Amino acid sequence: MTERIHHDGVLVVGAGLAGLTAAMAAAPRKALVLSPTPLNTGCSSAWAQGGMAAALGEDDAPALHAADTLAAGAGLCDPAMVEILTREGPDAVRHLADLGAPFDRTADGGFAQSLEAAHGRARVARVKGDQAGREIMRAMTVAAYVSPLITTRAGVRARRLLQDADGRVRGVLAEQKGRLIEITADAVILATGGIGGLYAVTTTPAELKGEGLGLAALAGAVIADPEFVQFHPTAIDIGRDPAPLATEALRGEGAKLLNARGEAFMAAYHEAAELAPRDVVARAIHAELEAGRGAFLDARAAVGEHFPDEFPAVFAACMSAGIDPRYQVIPVAPACHYHMGGVVTNATGATSLTGLYAAGECAATGVHGANRLASNSLLEAAVFGARAGAAARELTAPAGRVVAGEALPDLPAPALAELRRAMTRDAGVVRDAEGLTRLARTVEAMKARHGEGPILVTAGLVAAAALARRESRGAHYRADFPQAKDPPARTFVTHPGQQALKVAAE
Ligand code: SIN
């Protein structure tokens, strides 16, 4: 029998930085946070190495950060949202520092900041080199645990959004240890992360399979830009799933990309060489690998003996595979890293469905456009997570009844493995009509066999939108349409069978 719980407050699905920030911002309302995994595992936030980009330095300004964000986004960012992100960014970093995130400091007490690709300034606030995500999430988790207003429930997976007859979102049908629980609340905030687990090669926790996006799409929410998937150029290629990351900050420190012949190849692809935009570097590495020349990150001169202190996570990952990066080059390959697409939100996190908010990677606020600027994702999670929590706490649901519905179909493990291979092959760094058509057919065949669940809906939206975008822009590269087409236009879709709803104005 299905258990029924009413939570008098805000229900948050996901416990990464966006979810916990939203839960805190929901005060003085109570927040119930659901996480499919134990807290601080299974979320990309805790794995972030680079840090948080914010104009904290005296030589920097939010407008400069905004200009770099807009340039990386290749014509598809929403400038108003970017303005919010970059203006509120410095305070978001200071707030996390106040909560106990131990950001690296300069001698005069300021924030030490790293340079990353496509930033015009060294503006990434970091923690112990590559420990930003881990330490920020440690501070956030402690803060959530001690808050009398926040309850967390781990091991709980959302299986359907609960709606009333008018389509208003009223809660979540969740599953815990095989039992279904209907949890209703005044407002629901999705903070379910990205889609790395849909790809065979990913830098994110494999649990992140785009389920939040798929659940929202199946409920009728407007989805934006699903085709824009960012591939990190330098996942450490040691045959591990997920693939450990070699942070961009290494290239910011001067690490070089070499092929197996020892040639530094990046200058042949872009004038900014190793500091070219992330999509350019990912395609260059992809091309070297496809040509059989191999790709390696050489940080021997740039970091060398300082590796264990300055980049402990990368050092440990390399050493676990028998590679000592102080003296050896690191084999690298592009891997799915971030989804720019997501559930459309306005500036307060509201989606097109009344009662439903979204924040973090599963949301599409418009700040990332076709290509996210490095280290803007923790920032977005903090800035827009807080906005979503603050808006959701104002919502009180009128009396109403949930329309009954079953848990949406899951995808069996063998089919998921097949899907991941197909996504990497056909919707990866370089795409074309043949591969994307094959992928769309694979997804449709799987839907016929396994039912139309959220994982397949998300994969299908990525394939369909990538096929429909007959141009190359940002992270979306079509070998058969290598040029960008003007004017730039975002993708807005609803799942077939659902009515498109106008996104509520702020
Ligand atoms: C990195 O450290 O290279 C990743 C940073 C990011 O994805 O924003």
Side-chain angles (χ1 to χ4, degrees), residues 16-18 43-54 65 68-69 72-73 85-86 89 92-93 103-104 112-119 122-137 193-196 199 202-205 208 228-237 242-255 257 274-282 285 297 299 302-303 310-318 325 330 332-340 360-361 367-369 371-383 474-475:
L17 183 58
C43 69
S44 299
S45 306
W47 290 19
Q49 291 187 356
M52 282 175 80
H65 183 189
D68 290 343
T69 301
L85 178 82
T86 52
V93 175
F103 287 101
D104 293 352
Q113 292 187 277
S114 304
L115 180 65
E116 289 187 1
H119 284 276
R123 69 161 69 92
V124 180
R126 58 175 200 238
V127 182
K128 295 180 208 151
D130 58 16
Q131 302 287 297
R134 188 183 147 120
E135 293 297 330
I136 289 169
M137 285 308 293
I195 65 167
Y199 282 80
T202 177
T203 61
T204 78
L208 301 174
F228 288 109
V229 179
Q230 185 172 74
F231 298 89
H232 196 289
T234 57
I236 305 176
D237 189 11
L245 186 67
T247 174
E248 296 227 337
L250 287 162
R251 280 179 282 127
E253 292 286 312
L257 283 162
E274 271 75 7
L275 293 181
R278 188 173 278 186
D279 60 304
V280 175
V281 183
I285 292 177
L297 187 65
V303 184
E310 289 186 5
F311 295 97
V314 181
F315 184 71
C318 290
I330 306 167
V332 289
C336 177
H337 185 63
Y338 190 85
H339 194 205
M340 276 72 74
E361 193 171 345
V367 298
H368 303 308
N371 203 13
R372 179 182 60 93
L373 185 65
S375 290
N376 266 358
S377 49
L378 289 180
L379 183 70
E380 187 205 27
V383 168

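In listed order, ligands and their atoms are each counted from 1. Owing to the predicted nature of the structure, the values given are computational and were not obtained by experimental measurement.
Using a distance-only test at 3.5 Å, with no hydrogens or angles considered, no donor-acceptor pair links the side chain of Glu248 to the main chain of Glu116. No donor-acceptor pair under 3.5 Å is formed between the side chain of Asp104 and the backbone N or O of Ala125. Counting only distance, with no hydrogens or angles, the side chain of Glu274 and the backbone of Leu257 share a donor-acceptor pair below 3.5 Å. A donor-acceptor pair under 3.5 Å is absent between the side-chain atoms of Asp237 and the main chain of Ala333, judged by distance alone. A donor-acceptor contact shorter than 3.5 Å is absent between the side chain of Arg123 and the backbone of Ala53. At distances below 3.5 Å, at least one donor-acceptor pair connects side-chain atoms of Glu361 with backbone N or O atoms of His339.
For ligand 1, the atoms lying closer than 4.0 Å to a non-hydrogen atom of Gly50 are 2 (O). With ligand atoms numbered from 1 in the order given, ligand 1 contributes 8 (O) to contacts under 4.0 Å with heavy atoms of Ala374. Taking a cut-off of under 4.0 Å to the non-hydrogen atoms of His337, the atoms of ligand 1 that pass are 4 (C), 6 (C), 7 (O).
Residue-to-ligand polar distances place Glu248 within reach of ligand 1: an N/O pair is separated by less than 3.5 Å. Among the atoms of His232, some N or O lies under 3.5 angstrom from an N or O of ligand 1.
The nearest protein atom to atom 2 (O) of ligand 1, hydrogens excluded, is given as Thr247 OG1, 2.6 Å; this is a heavy-atom distance. Among protein heavy atoms, atom 8 (O) of ligand 1 sits closest to Ser375 N, 2.5 Å.
A ring-centre distance under 6.0 Å is found for Tyr338 and His368.
Contact annotation for Arg278 and ligand 1: only side-chain heavy atoms (C-beta onward) come within less than 4.0 Å of the ligand.
Proximity of Gln230 to ligand 1 is not established, as no heavy-atom distance is less than 4.0 Å.
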